[in-house]
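Index from 1, following the sequence.
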Amino acid sequence: MKWTLSAAAIALALLVSGCSSDYVMATKDGKMIMTDGKPEIDKETGLIKYVDESGHELQINGDDVSTIIER
């Protein structure tokens, strides 16, 4: 009984953790920015909004970012 419950808890944890992907943004000046979740690009302003690993919501100018890669 305990084994089945443990297996179900582990499977649930793996499913929940797989829902949100982390990304790495490389800037043109060489910085690597780790994000929690997918960054959003605002087409009107050119800003990229993201949540850092500490949970803070930040923005960066899209012209300063060279690449966005899923981790």
Practice problem: List, by chain and then residue number, the residues other than Ile69 in its hydrophobic cluster (Ile/Leu/Val/Met/Phe/Trp/Tyr, side-chain heavy atoms under 4.5 Å); write none if there are no others. | Solution: none
Quiz item: Is the closest side-chain heavy-atom distance between Thr35 and Met25 below 4.5 Å?
Solution: yes
Quiz item: When hydrophobic residues are tied together by side-chain contacts of less than 4.5 Å, even through go-betweens, does Tyr23 share a cluster with Ile48?
Solution: yes
Practice problem: Give, for atom NZ of Lys49 and atom CG of Leu58, the distance between the pair rounded to the nearest 0.5 Å. | Solution: 11.5 Å
Self-check item: Separation between CD1 of Ile41 and CD1 of Ile68, rounded to the nearest 0.5 Å
Solution: 4.5 Å
Self-check item: Min side-chain heavy-atom separation Ile60-Thr27 under 4.5 Å
Solution: yes
Self-check item: Residue pairs involving residues 50-67 (criterion side-chain hydrogen bond (donor to acceptor under 3.5 Å, both in side chains); sequence neighbours excluded)
Solution: Glu53-Arg71
Quiz item: Which residues pass the salt bridge (charged side-chain N to carboxylate O under 4.0 Å, His left out) test with Lys31, sequence neighbours left out?
Solution: none
Quiz item: More than 12 foreign heavy atoms under 6.0 Å from NZ of Lys43: is that the case here?
Solution: no
